[in-house]
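Okay, so here's the structure we're looking at.
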Amino acid sequence: MDDQYQPAKVEREAREHWDANATFQAPEDPSREKFYCLSMFPYPSGRLHMGHVRNYTIGDVITRFERMRGRNVLQPMGWDAFGLPAENAAMANGVPPAQWTYDNIAYMKDQLRALGFALDWSRELATCHPEYYRWNQWLFLRMLEQGIAYKKSGVVNWDPVDQTVLANEQVIDGRGWRTGAVVEKREIPMYYLAITRYADELLEALDDLPGWPPQVKTMQANWIGKSHGVRFAFPYELDGEPGKLWVFTTRADTIMGVTFCAVAAEHPLAERAARDDPELAAFIDECKRGGVAEADLATIEKKGMPTGLQVTHPLTGEPVDVWVGNYVLMGYGDGAVMAVPAHDERDFEFALKYGLPIRQVIDVPGETFSDTEWRPWYADKERGVCVNSGKYDGLAYVEAVDAIAADLAAQGLGEKRVQYRLRDWGVSRQRYWGCPIPIVHCESCGDVPVPDDQLPVVLPEDCVPDGHGNPLARREDFIATSCPSCGGPARRETDTMDTFVDSSWYYARYCCRDNDAAMTDARVDYWMPVDQYVGGIEHAILHLLYSRFWTRVMRDTGLVKCDEPFTNLLTQGMVVAETYYREEAGKKTFFNPADVEVRRDDKGKVTGAVARADGQPVVVGGIEKMSKSKNNGVDPQALVERYGADTVRLFTMFAAPPEQSLEWSDSGVEGASRFLKRLWTLASAWREAVAELNGGDAPAPADEGDAQPLRHEIHGVLQQALNDYGRYQFNTVVSACMKLLNLLGGLEPAGPPWHARVVHEGLAILLRLLAPVAPHVTHHLWRELGYGDEILEAGLPEVDPAALERDEIELVVQVNGKLRSQIRVPADSGRDAIEAAARGDANVRRFTEGKEVRKVIVVPGRLVNLVVVDAA
RNA sequence: GCCGGAGUGGCGAAAUUGGUAGACGCAGGGGACUCAAAAUCCCCCGGUGGCGACACCGUGUCGGUUCGAGUCCGACCUCCGGCACCA
């Protein structure tokens, strides 16, 4: 055994051992309890970043822990390989996205291997492989047959200079990121998936996911946004024709307070009115400027303009003005809303701004109404009662809605309706590097699905995007084809699918990725659902909701048997680090933490920082998510080379619990490295003694000298660590390992023989506890000390209940809830004995003297609280 | 704007169900070893007062419930994630 811990050597040998034995290839074995552990697959961006390292370390610790528990564990890995960054890289370097992507995959795969993850590489997949994405296309065709996939128009960001569609990310302050041109909203035909058909099921089933974080379920429920309301119409007559302006409201009880209606800029009424009104036409054009992202639309200044048109209030018969509002969206409901300024805050502000009437129709007794200042009770449907509402006066929310809905229904002008905020999923992208949508356009037959036997529609891999539209649209060899229906000349669809499609079902394909005849097979039924899914909180809604939807479509198509893809979900926090910069002429130049030296005062508090290069000060800019733009990323590669994978994994698990954000600290890594060195040194010092004990019969637990209190502590720490493993709180597992090492560090190889027996037992516990976190060094030491060949098969250490027993326990004594003393009592003391001991304690007496003890609270095993008052 | 989350020593954090606030580690201070440095080992380490035993204060802010609140309730402040074409 080397005297010095040499991580590179230890880790290489361990990996060679695992590779040679195919240790992590997971067979389908119905006789064993399976555990499918999955981390969100990476986008092959070039190099691993710390977020990847953290994500995959968490997944790996769970994988190895569950395996040591005896389960048949599968942990696969693959590549979310289609996407925008590959096109951007292509524009920057002139390299085809395919080549850039494959190069990145090769590089990042080596990086993943160097971290020692227990991955079954035989199942590796990449979504840009035709063998994978053909099944996107195949299931898309099934969805077309079922009517789940359909075509309608949708709104996109249009860059008028580059003549191209932009992603929301590429729109900065309403302008194209490359051209700086003001972006326009443009309507184009797109394919949609009817996720709303499953809205109710996706919502209801959240209750059956106890293994998901409650906040994720809340976010999904709010996203689906089920609401009960009334859809009704304002009749009108225009150009001699009768029409109806349909709106939806959850506050039908306020309908008598409607003083105007607002429609979206794209609404037919708005467009009709703009024909005769150049000023309105200009306003509508203004509304169409800017991007389509909801966050932007929701924060813009609310603007409007009257159309000059009027509709009729369905209950009062009064005329109601119709306005165009830039905050009304054509994509939501009917693209029109009723406005009740008195009882909706947004309408209230709009009415004040444009001098529109405000009519109070809800009252709360004891409150006074002001038509110049908004008060929250105006929208209170719990306490509100109808007023100024004719026959509805005096009705509360529920009764008023019922009565009004009934009256509207009687006229054929409305009905109660359940509405969802969730919209159908638009999957068409006007982009090259994605899965082709399997449709052929024929002049005589229209849009024709590609027959199954002609799948996959293969994406040519040699295109280089240039920022001007989709290069696929210029590839005649791809586009020109014949119509599957009539055989005549036809053209292929050049839109590709949203990359969320690729990631909506990869977890199922890992189970059967070599099947080229079917999307899934019986192996999927063995492994699915995923038992533990691990990934970033930023995917809490979209990716996870799409996956839940896709699983249900697969279920209804007979492809899987489960309803939900992920039984348990762990959402890990971000990796963040300090930022440093200098500012010149309003432009910030960021310095990497590695190039900065931090200055501290004599208490260790940070007072400033200087650049290593020139010794001149830099600004300490605050903690931010690691990113290229802030230049605060720490390269995992360099750390692994310097300290070894075990140290990086150990620090990553120790610095914060998985769900919290993790602040990077170089000196913290040093600390982790120090711990492993100390472990090595201790194992090295005891190697002979422990190996000798391992060579004979299992030694009895030591009980001489101070062995008993020591074993009591060791098993107490073990109990806590096993519990923390069970709740996936790995930072305190690591801290338990550190405590164990500290305990064993007090023993001497030259000391009495029981020392060796405690170390033998303690190391057997410590190494197995640490094995999931630091697999290489524990693998090595386990063998070196003669415990066995394979620590992964050694099972988890078990708590010895006898070691935890105590004759005496310590209790805290409080007086009026304040800590005053501690007492030792026999473990089996009754309430009376404990109370007597507490009252008799000298320091307690100082606080009870001359007072009356009103009440004594005894919390078994914890504390005694004496409640005293001044004697009367 | 809307939805979700988080705030505890100089720093990362711990406190499992309302029961000893600060485990474990980092940084810092002191010491040992060394010609010296590095490495390693030992001691101290929330604030204020006290020689000390101890006492008072302290978990973003303000208020409440309770014998007892970091933990529960209400209001507020700050920061972070998501908002449907970044992944």
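The figures here come from the full heavy-atom set of this structure, side chains too, leaving out hydrogens, waters and symmetry mates. Chain A is the first sequence line, chain B the second, and so forth, proteins listed ahead of strands; every chain is numbered from 1.
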Range-with-range stems for RNA chain B, at least three Watson-Crick or G-U pairs under 3.5 Å: B:1-7 with B:77-83, B:10-12 with B:24-26, B:28-32 with B:40-44, B:46-49 with B:54-57, B:60-64 with B:72-76
Integer-rounded Å distance: B/G5 C1' and A/N222 CG: 13 Å
Listed partners of A/R846 passing salt bridge (Lys or Arg N to Asp or Glu O under 4.0 Å), at least two apart: none
RNA chain B: 5'-proximal contact among A/F82 and A/Q729 (nearest heavy atom): A/Q729
Give every pair of a protein N or O atom and an N or O atom of nucleotides 57-61 of chain B that lie under 3.5 Å apart, one pair per line with the distance.
unit_1: B/C57; atom_1: OP2; unit_2: A/K818; atom_2: NZ; d: 2.7

Verdict with supporting geometry, A/E349 and A/K353, salt bridge (Lys or Arg N to Asp or Glu O under 4.0 Å): CA-CA 6 Å; A/E349 282 166 17; A/K353 179 170 179 176; over 6 Å; no
Syn/anti label of B/G50 as read from its glycosidic torsion, with the cut at 90° from 0: anti
Partner residues of A/A199 under the side chain to side chain contact (heavy atoms under 4.5 Å, CB included) criterion, sequence neighbours left out: A/I224, A/Y420, A/L422
With sequence neighbours excluded, residues passing salt bridge (Lys or Arg N to Asp or Glu O under 4.0 Å) with A/K303: A/E286
Salt bridge (Lys or Arg N to Asp or Glu O under 4.0 Å) between A/E849 and A/K851, intermediate numbers included: CA-CA 5 Å; A/E849 212 105 279; A/K851 307 215 171 156; over 6 Å; no
First encountered from the 5' end of RNA chain B, between A/V216 and A/N843: A/V216
Separation of atom CH2 in A/W433 from atom P in B/C86, rounded to whole Å: 19 Å
Heavy atoms of other groups near A/R862 CZ, more than 12 under 6.0 Å: no
Sequence-aligned protein contact record of nucleotides 16-26 of chain B, with B where the base is within under 4.0 Å of a protein heavy atom and S where only the sugar-phosphate is: B--BB--BBSS
Length of the line joining A/F500:CZ and B/A87:P, which is rounded to integer Å: 7 Å
Separation of atom CZ in A/R54 from atom C1' in B/G12, rounded to whole Å: 11 Å
Atom pair distance, as rounded to whole Å: CZ in A/R846 and C1' in B/C56: 13 Å
Partners passing salt bridge (Lys or Arg N to Asp or Glu O under 4.0 Å) against A/R642 (at least two apart in sequence or in another chain): A/E670
Atom P, compared across B/U17 and B/G64: separation rounded to whole Å: 27 Å
Distance between C1' atoms of B/C3 and B/C56 (Å, rounded): 44 Å
Any residue meeting side chain to side chain contact (heavy atoms under 4.5 Å, CB included) with A/T579, in chain and number order, not counting sequence neighbours: A/F590, A/E624, A/K630, A/N632
Qualifying residues under salt bridge (Lys or Arg N to Asp or Glu O under 4.0 Å), relative to A/E659, sequence neighbours excluded: none
Identify the pairs formed between an N or O of the protein and an N or O of nucleotides 76-84 of chain B at a distance under 3.5 Å, and give each distance.
unit_1: B/C83; atom_1: O2'; unit_2: A/E294; atom_2: OE1; d: 3.4
unit_1: B/A84; atom_1: OP2; unit_2: A/E294; atom_2: N; d: 2.9
unit_1: B/A84; atom_1: N7; unit_2: A/R423; atom_2: NH1; d: 3.4
unit_1: B/A84; atom_1: N6; unit_2: A/R421; atom_2: O; d: 3.0
unit_1: B/A84; atom_1: N6; unit_2: A/R423; atom_2: NH1; d: 3.4
unit_1: B/A84; atom_1: N1; unit_2: A/R423; atom_2: N; d: 3.0

Contacts of A/T496 that satisfy side chain to side chain contact (heavy atoms under 4.5 Å, CB included) - sequence neighbours left out: A/R429, A/R431, A/L472
Distance, rounded to the nearest Å, where A/E659 contributes CD and B/A13 contributes P: 14 Å
Sugar-phosphate, base or nothing in reach of A/S45, heavy atoms under 4.0 Å: nothing
Sugar-phosphate only, base, or nothing, as touched by A/T164 at under 4.0 Å among non-hydrogen atoms: nothing
Stepwise side chain to side chain donor-acceptor pair (under 3.5 Å) check, A/N865 with A/R820: CA-CA 10 Å; A/N865 187 17; A/R820 294 304 177 192; over 6 Å; no
Counterpart residues, ring-ring contact (aromatic ring centres under 6.0 Å, His included), relative to A/W680 (two or more places apart): A/Y5, A/H780
Nearest-Å distance for atom pair CE/C1', residues A/M108 and B/A87: 12 Å
A/Q4, CD atom: more than 12 neighbouring heavy atoms under 6.0 Å: no
Rounded interatomic separation in angstrom, taking NZ from A/K855 and P from B/G68: 9 Å
Touch class at under 4.0 angstrom, heavy-atom based, for A/V156 against every strand present: base
C1' gap between B/G28 and B/C79, integer Å: 28 Å
